[in-house]
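First up is the structure itself, then whatever we jot down about it.
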Amino acid sequence: MVRLREKIGYGFGDMASSMFWKLFGAYLMIFYTDVFGLPAAMVGTMFLVTRIWDSVFDPIVGVVADRTSSRWGKFRPYILFLAVPFGIIGALTFYTPPFGDTGKLVYAYVTYSLMMMVYSAINVPYASLLGVMSPNPNERNTLSTFRMMFAYIGSFIALLLFMPMANAFSGHSDSVEAQQTGWFMAAAVIAAACVLLFFGCFSWTKERVKPINDKKTSLKTDIRDLLHNHPWWVLFVAGVGALVFNSIRDGAAVYYFKYYIVEENFETVSLFGVSFVLSGLFLALGQMANIVGVVLAAPVSNRFGKKRTFAFSMLMTAVLSIVFYWFDKDDIVLIFVFQCVISMFAGSIFPLLWSMYADCADYSELNTSNRATGLIFSASSMSQKFGWAIGTALTGWLLSYFGFEANAVQSAETIDGIKMFLSWLPAAASVVSVIFILCYPLGEQKVAKIIEQLNIKRKQTNEQ
């Protein structure tokens with residue numbers, strides 16, 4: 001039985017991860033083009049190169065974590081010892097060094113690559129922790145719901161406060177140097193909060209599930225078992241589609257409000273003396289709607305099944321995103337309403353996805369007697385990285401293709417392209433995700449039989 005405090009502690013981990021993940025998705029592209037000073041196409045290529053390497057790095061972390069043995073368990077030590085490096089490198093990613101163009105490009109490659117590696121090194125064990133906290137599928141759904149709920153709360157806080165903090169630290173100056181200082185200081189505040197949250201996650205969680213066969217298997221065996229795990233492959237591609245959907249929309253939102261809506265022509269919204277820009281409110285409101293989707297995911301999927309809930313939600317994101325294309329810059333209310341509805345459906349996806357990956361680990365263990373939880377979750381995390389790599393690279397390349405120029409008035413072709421980033425392009429990714437999830441073979445009845453058979457095997461092993 002997983003108690004409430006432990007569920008909250010597990011949620012703290014993704015709250016920390018998601019703060020920086022959302023900052024990267026929503027602000028890192030425009031930081032590199034408009035503050036740091038790199039061309040959009042160059043940034044897109046950097047994202048693709050670094051994230052492809054990082055995607056390959058994920059399974060390495062998973063394999064190492066599976067073979068870790070300590071008094072804290074297999075996965076929790078990574079959360080403890082990598083929390084501080086995560087915060088330091090995360091803040092440095094938003095620092096602009098006094099280098100020339102080549103030096104800054106090298107710095108961007110190095111810091112972003114290091115950040116993605118330390119992100120993997122702490123997040124893969126954290127994700128794998130879900131598979132060993134409880135053997136019960138319903139408890140896993142609940143844990144996954146807590147995880148995603150806290151993730152979106154963290155994203156909401158980061159997206160809502162990041163630009164107001166950056167503006168405050170810059171003295172509300174428009175100079176590039178002041179903006180560079182403001183962005184770095186804002187990232188440092190977020191980094192400190194993340195470190196504390198990771199410490200809370202480590203302290204409040206516990207590993208319980210023991211494998212049927214505790215013998216160390218070879219890496220070749222683990223990889224062979226993964227490659228023969230058909231349900232995992234289906235989820236992998238469906239997950240890539242879902243992440244491409246999110247990365248394209250998040251990465252282009254600030255461009256959409258800065259260059260299409262021209263948010264500076266609208267009055268800022270002030271609360272408790274803090275002024276919020278429209279793009280920040282748009283992104284933060286999306287996170288709040290995501291939370292609604294997360295909360296609804298468990299009860300809806302328990303009634304209709306994870307597969308049906310996933311497919312319907314992604315289909316709705318595609319349809320509503322297409323409608324989004326025709327909104328005029330003055331349709332602010334409709335833009336915000338559709339953001340809420342789209343985000344609600346999108347928010348229900350990821351707790352289902354991670355819960356289904358845990359089912360894939362059970363499926364693999366039943367068929368192979370080998371529970372490579374870390375490898376399965378790390379390879380699943382790899383789909384996230386591939387999705388973000390494809391989505392962000394496409395954003396950078398297509399911005400360049402559409403003729404984007406930083407801090408300038410954009411052409412009609414460029415504006416139309418920016419509109420497509422929140423409509424047709426993410427919709428296409430959603431359709432791909434729907435097609436693959438309809439092929440997912442592990443329904444609720446089959447999962448229940450797998451759990452029953454695993455419990456029998458564990459009981460027999462314990463009696464020997």
Side-chain angles (χ1 to χ4, degrees), residues 9 12-32 35-36 38 43 46-47 49-51 53-55 57-58 60-61 64-65 68 72 75-99 103-127 129 150-151 154-155 157-159 161-163 165-166 168-170 177 179-203 378 381 384-385 388 392:
F12 281 166
D14 216 15
M15 188 175 183
S17 296
S18 294
M19 281 185 167
F20 263 109
W21 188 259
K22 277 299 178 180
L23 289 185
F24 292 150
Y27 289 116
L28 198 55
M29 172 69 77
I30 201 166
F31 167 74
Y32 280 134
V35 179
F36 197 85
L38 294 176
V43 177
M46 184 192 75
F47 281 150
V49 171
T50 54
R51 284 182 175 172
W53 154 242
D54 183 49
S55 299
F57 183 66
D58 276 11
I60 297 174
V61 176
V64 173
T68 297
W72 298 294
F75 306 121
R76 291 171 63 243
Y78 294 89
I79 300 172
L80 173 65
F81 292 110
L82 292 175
V84 173
F86 180 96
I88 293 173
I89 300 173
L92 290 176
T93 305
F94 284 92
Y95 175 71
T96 305
F99 301 156
K104 287 204 291 188
L105 180 61
V106 172
Y107 179 86
Y109 264 92
V110 171
T111 53
Y112 186 65
S113 297
L114 285 175
M115 182 56 188
M116 287 295 95
M117 289 176 69
V118 75
Y119 183 95
S120 295
I122 196 170
N123 200 256
V124 167
Y126 166 76
L129 189 59
F150 275 85
S155 300
I157 293 170
L159 293 174
L161 297 181
F162 185 77
M163 284 312 300
M165 286 195 298
F169 283 121
S170 68
E177 292 79 8
Q179 286 294 313
Q180 290 171 349
T181 300
W183 281 64
F184 170 66
M185 293 302 297
V189 172
I190 297 294
C194 291
V195 172
L196 294 176
L197 287 167
F198 276 130
F199 285 155
C201 177
F202 168 80
S203 299
S378 63
S381 175
Q384 278 194 308
K385 304 295 178 57
W388 280 104
T392 51

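Here the structure is a predicted model, which means the values were calculated and not measured.
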Residue pairs meeting side-chain hydrogen bond (donor to acceptor under 3.5 Å, both in side chains), one or both in residues 182-199, sequence neighbours left out, come to Gln179-Trp183
Side chains of [X] and [Y] in contact at under 4.5 Å (non-hydrogen atoms):
X	Y	answer
Thr93	Leu28	yes
Ile190	Phe94	no
Tyr27	Leu159	yes
Met116	Phe57	no
Tyr78	Val124	no
Tyr107	Leu92	yes

With sequence neighbours left out, write down each residue that passes ring pair (Phe, Tyr, Trp, His ring centres under 6.0 Å) with [X], or none if nothing qualifies.
X	result
Phe86	Phe20, Phe198
Phe47	Tyr112
Phe36	Phe31, Tyr32
Tyr95	Phe184

Residues passing the side-chain hydrogen bond (donor to acceptor under 3.5 Å, both in side chains) test with Tyr126, sequence neighbours excluded, are none
The side-chain hydrogen bond (donor to acceptor under 3.5 Å, both in side chains) partners of Ser17 (sequence neighbours excluded) come to Asn123
Residues passing the side chain to side chain contact (heavy atoms under 4.5 Å, CB included) test with Ile157, sequence neighbours excluded, are Met15, Met19, Ile153, Leu161
Those residues at least two apart in sequence (or on a different chain) that pass side chain to side chain contact (heavy atoms under 4.5 Å, CB included) with Leu80 are Trp72, Phe199, Phe202
Heavy-atom nearest pair, Thr50 first then Ser113, reads CG2-OG, 3.1 Å
In short, salt bridge (Lys or Arg N to Asp or Glu O under 4.0 Å) pairs touching residues 12-23 with sequence neighbours left out are Asp14-Arg147, Lys22-Asp250
